[in-house]
Chemist: 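One structure follows; several queries about it will come next.
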Amino acid sequence: MMYNSRNIIIGLIIFVGIFTFPFVLGAGKANEAPKLSLDTPKINELIKKEPIETVEFMRNNHMQLLSDWKVAVVRDGNRVYVSQKDGQEYDMSLQNTCLDCHSNKEQFCDACHTYAEVEPNCWDCHVAPEVIR
Amino acid sequence: MDINRRKFLKAGGVLALGLSIAPAKSVLAGVKGKYAPGPNALTAKNWAMVVDMNKLEKDVEACTMACHKEHNVPNIDNKKEEVKWIWTDKYGHLFHDNKHDFMNKEMEHRHFLALCNQCENPVCVRVCPTKATFKNKEGIIMMDYHRCIGCRYCMAGCPYGARSFNFKDPRPYIEEINPNYPTRTKGVVEKCNFCSERLAKGLLPACVEASTNGGLVFGDLDDPNSEVRKVLDTQFTVQRKPSLGTKPKVFYIL
Amino acid sequence: MLEKALIKENNRIFWYWILSLVVLVGVGFNSYLHQLDQGLTVTGLSRDISWGLYIGQFTFFVGVAASAVMLVLPYYLHNVKEFGRITVVGEFLAVSAVIMCMLFIIVDMGMPMRVLNMFLYPTFNSPMFWDATVLTGYLLLNIFIGWNVLEAESKGVNPPKWVKTLIIISIPWAVSIHTVTAFLYAGLPGRHYWLTALIAPKFLASAFATGPALLILICFLLKKFAGFDAGKKAIQKLALIITYAMSISIFMVAVEFFTAFFSQVPGHMVTLQYLFVGAHGYSQFVAIMWIFVILAVLALGLLIPRKTRENDKTLIIACIFVFVSMFIEKGLTFVIGGLSENPFGEITPYIPGIHEVLISIGIWALGIMIASLFYKMVVSVKRESDFANASFNKQEMRDC
């Protein structure tokens with residue numbers, strides 16, 4: 001057993017220091033959440049500007065929805081999504097359906113992802129609009 | 001005292017676990033809507049193909065081009081790292097168990113079309129440790145690129161050389177990206193999918209569509225009245241390496 | 001107990017040794033970052049040779065890991081007391097080797113960040129799923145066993161009873177890791193060199209030669225640098241095990257030739273031809289294959305006669321030959337050879353890339369480093385318990 005409490009205390013201080021460093025550094029410096037623009041040609045054509053499910057649901061669950069879509073399309077061979085909100089049908093495709101209306105990926109995807117500091121790897125394979133342009 | 005403390009800690013642990021799962025549960029609530037197959041989808045119990053080289057002759061180039069363009073297959077000019085879904089190779093290679101020393105040289109060097117055999121009894125599916133490659137309900141051997149870990153066991157398993165690995169980022173090697181289909185990323189294995197994405201929209205595979213002279217016949221192997229079965233009933237056809245028990249579903253008229 | 005590896009007994013040479021290993025690990029890690037960034041294109045792997053240096057060495061070190069059973073089994077089941085002093089050396093060798101195996105698998109993967117998919121989507125028909133499972137289990141078993149046995153010894157008590165149960169479990173478990181690893185290869189249609197039921201027994205035989213050979217070398221190193229003596233009797237028992245295992249394993253390599261060349265089935269012959277004499281104009285492995293043959297024969301020549309087996313100097317040479325020859329056969333040419341003839345009947349050559357080699361060296365260095373730290377701990381525990389025994393019981397001291 002070791003009884004060198006001095007070293008332990010010094011060690012603990014350093015540990016706590018290192019682990020709280022990012023919080024201390026960022027204190028009081030919260031960025032403002034991005035405000036997203038819906039100004040795309042396809043969305044402007046719509047009479048009712050609503051996403052495929054409620055805004056609330058999409059905001060919280062889009063990642064799970066996309067993952068479920070992948071399973072449905074690739075593994076189960078179901079390509080059509082029937083919205084629970086209004087029964088409308090959509091071809092399940094990130095590239096061809098989501099980004100068709102939301103053609104402003106910089107706003108629709110990147111703005112929040114940058115803000116939240118998440119880096120989804122969707123666009124390693126799926127073709128982003130800017131790649132085609 | 002001691003037991004009480006232990007009980008307290010246990011209860012606390014369960015509580016903490018519950019609290020940590022609760023938010024996850026609401027996030028993973030999943031999708032509310034329903035799924036359905038496409039309204040125009042071509043469906044079959046067991047898709048299969050017959051390659052009739054006599055009729056195909058001139059369309060070979062068009063077939064491979066159509067496929068590779070459709071699926072964003074990169075054109076990597078390096079035999080070690082090339083990616084191919086459909087390609088041509090000489091008889092002596094594709095059927096190398098069936099060649100002999102006195103074979104007609106024209107035949108031995110004649111180029112045949114090759115693609116994933118979509119085996120009835122696929123080795124790749126048997127060896128894959130994550131079910132990233134699997135047989136779908138229509139008999140097509142699919143790739144789930146989101147799940148593939150890039151272990152390449154399927155490449156060691158496939159006796160037909162039908163699988164390609166992305167040794168590097170494929171994007172710089174795609175001349176013109178088809179915006180309607182994804183590319184792949186470095187680190188995953190890819191191969192022909194019998195155009196399952198086209199079948200879902202009621203279209204025939206890109207190669208079949210490009211073979212204007214009927215050199216590629218596509219249909220349901222389990223339907224005795226399908227075109228594929230009619231050809232198999234009336235003509236002499238062979239498979240690649242049938243002795244391995246994989247039961248290929250791509251048949252050849254030599 | 002961990003402090004014994006880290007703090008006690010400042011030994012300058014030891015820490016220089018660790019430092020140089022750390023440098024090699026760093027070099028390997030740097031290469032790995034490069035591979036992560038560029039993809040496996042930095043290796044010599046190809047469409048045809050889709051597994052190479054990494055998977056070959058993975059296979060080899062599964063054998064090294066499994067070989068701990070050659071100490072544990074005689075000691076715990078047959079009461080071979082001589083091994084009592086070194087079972088823990090074998091167990092920590094197993095731990096280091098399994099860690100190396102896992103690293104070789106991870107660096108071989110195209111999508112290493114998805115490695116947990118193997119357990120998120122468990123696929124019972126895939127030998128690779130089972131391999132990952134049994135290797136993880138074997139790692140945990142050996143960590144628990146080695147640690148508890150050593151801790152008990154450092155406290156001067158007997159290990160807890162449940163450890164004995166784990167030890168008994170670890171015996172068939174060791175056999176299972178190498179059998180399942182053999183099944184990765186031995187069930188693939190169209191890969192004729194691998195398609196033989198002999199792979200699993202051949203793997204086990206070569207493992208039981210290579211692992212103990214490495215153990216003997218480690219024991220001599222520990223004696224020279226750390227003053228830890230495994231005991232002449234233990235070394236000699238191991239040497240005998242190596243002699244039998246090496247003979248059986250060379251026999252199993254040899255009988256493949258009969259099946260291939262008497263049957264004259266081209267698919268069965270081509271890889272042996274390619275490896276030993278060259279085929280289709282390619283002869284990349286011929287020289288190295290003959291080095292394997294010569295070293296294996298010399299090793300047997302030194303191991304079988306009692307005189308050279310019992311002489312420390314010749315035994316060390318024999319052990320080096322066993323290790324190097326089996327590394328060539330199993331670690332280099334077995335995997336690459338099996339893939340050399342592609343599905344179109346052509347031979348594809350394979351030269352590992354520079355980063356591939358550096359990453360491999362890094363993994364070796366890490367494995368050696370882990371083993372070194374374990375052994376430092378083992379040696380200080382043994383020294384203390386020897387000292388305690390000596391002061392309590394001088395009689396026992398004289399027996400040693």
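First the proteins, then the strands, lettered A, B, ... as listed; each starts at 1.
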Chemist: Based on non-hydrogen pairs under 4.5 Å, which of A:His126, A:Gln95, A:Met92 is most in contact with chain B?
Modeler: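 Winner by heavy-atom pair count: A:Gln95.
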Chemist: Is it the backbone or the side chain of A:Asn121 that comes under 4.5 Å from a heavy atom of chain B, or both, or neither?
Modeler: neither
Chemist: Of all the heavy-atom pairs spanning A:Asn78 and B:Ala36, show the shortest one and how long it is.
Modeler: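 Of all heavy-atom pairs spanning A:Asn78 and B:Ala36, the closest is OD1-C, 3.5 Å.
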Chemist: Pick one of side chain, backbone, both or neither for B:Lys131, based on which atoms fall under 4.5 Å of a heavy atom in chain A.
Modeler: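 For B:Lys131, backbone and side chain are both near chain A.
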Chemist: Considering only heavy atoms from C-beta outward, does the side chain of A:Val131 approach that of B:Arg171 to under 4.5 Å?
Modeler: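 SC-SC contact between A:Val131 and B:Arg171 confirmed.
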Chemist: Is it the side chain or the backbone of A:Asp124 that comes within 4.5 Å of chain B heavy atoms, both, or neither?
Modeler: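 Both parts, backbone and side chain.
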Chemist: Looking at NE2 of B:His146 and SG of A:Cys122, how far apart are the two atoms once the value is rounded to the nearest 0.5 Å?
Modeler: 7.0 Å
Chemist: Hey, is the main chain of A:Gln84 close enough, under 3.5 Å, to the side chain of B:Lys34 for a donor-acceptor pair?
Modeler: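 Such a contact is absent between B:Lys34 side chain and A:Gln84 backbone.
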Chemist: Would you mind reporting whether B:Tyr35 and A:Asp68 have side-chain heavy atoms less than 4.5 Å apart?
Modeler: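 A side-chain contact under 4.5 Å exists here.
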Chemist: Are side-chain heavy atoms of A:Arg75 and B:Arg147 found at a separation under 4.5 Å?
Modeler: yes
Chemist: So for atom CG, which belongs to A:Asn7, do other residues, nucleotides or ligands contribute more than 12 heavy atoms lying within a distance under 6.0 Å?
Modeler: yes
Chemist: A quick test of your reading: do over 12 heavy atoms of other residues, nucleotides or ligands sit less than 6.0 Å from CE of B:Met65?
Modeler: no
Chemist: Should A:Arg79 and B:Glu197 be marked as a side-chain contact (heavy atoms from CB on, under 4.5 Å) after you check the CA-CA gap, both sets of side-chain angles, and the distance that decides it?
Modeler: CA-CA 9 Å; A:Arg79 304 252 165 186; B:Glu197 85 285 357; 3.6 Å; yes
Chemist: Does atom NZ (B:Lys80) have a neighbourhood of more than 12 heavy atoms from anything else shown, all under 6.0 Å?
Modeler: yes
Chemist: A quick test of your reading: do over 12 heavy atoms of other residues, nucleotides or ligands sit less than 6.0 Å from NZ of B:Lys247?
Modeler: no
Chemist: Could you please state which residues from residues 176-184 of chain B sit under 4.5 angstrom from chain A, measuring non-hydrogen atom to non-hydrogen atom, sorted by number, or 'none'?
Modeler: B:Ile177, B:Asn178, B:Pro179, B:Asn180, B:Tyr181, B:Pro182, B:Thr183, B:Arg184
Chemist: Flag the one option from B:Val188, B:Asn193, B:Asp169, B:Asp144 with the top tally of heavy-atom pairs under 4.5 Å to chain A.
Modeler: B:Asp144
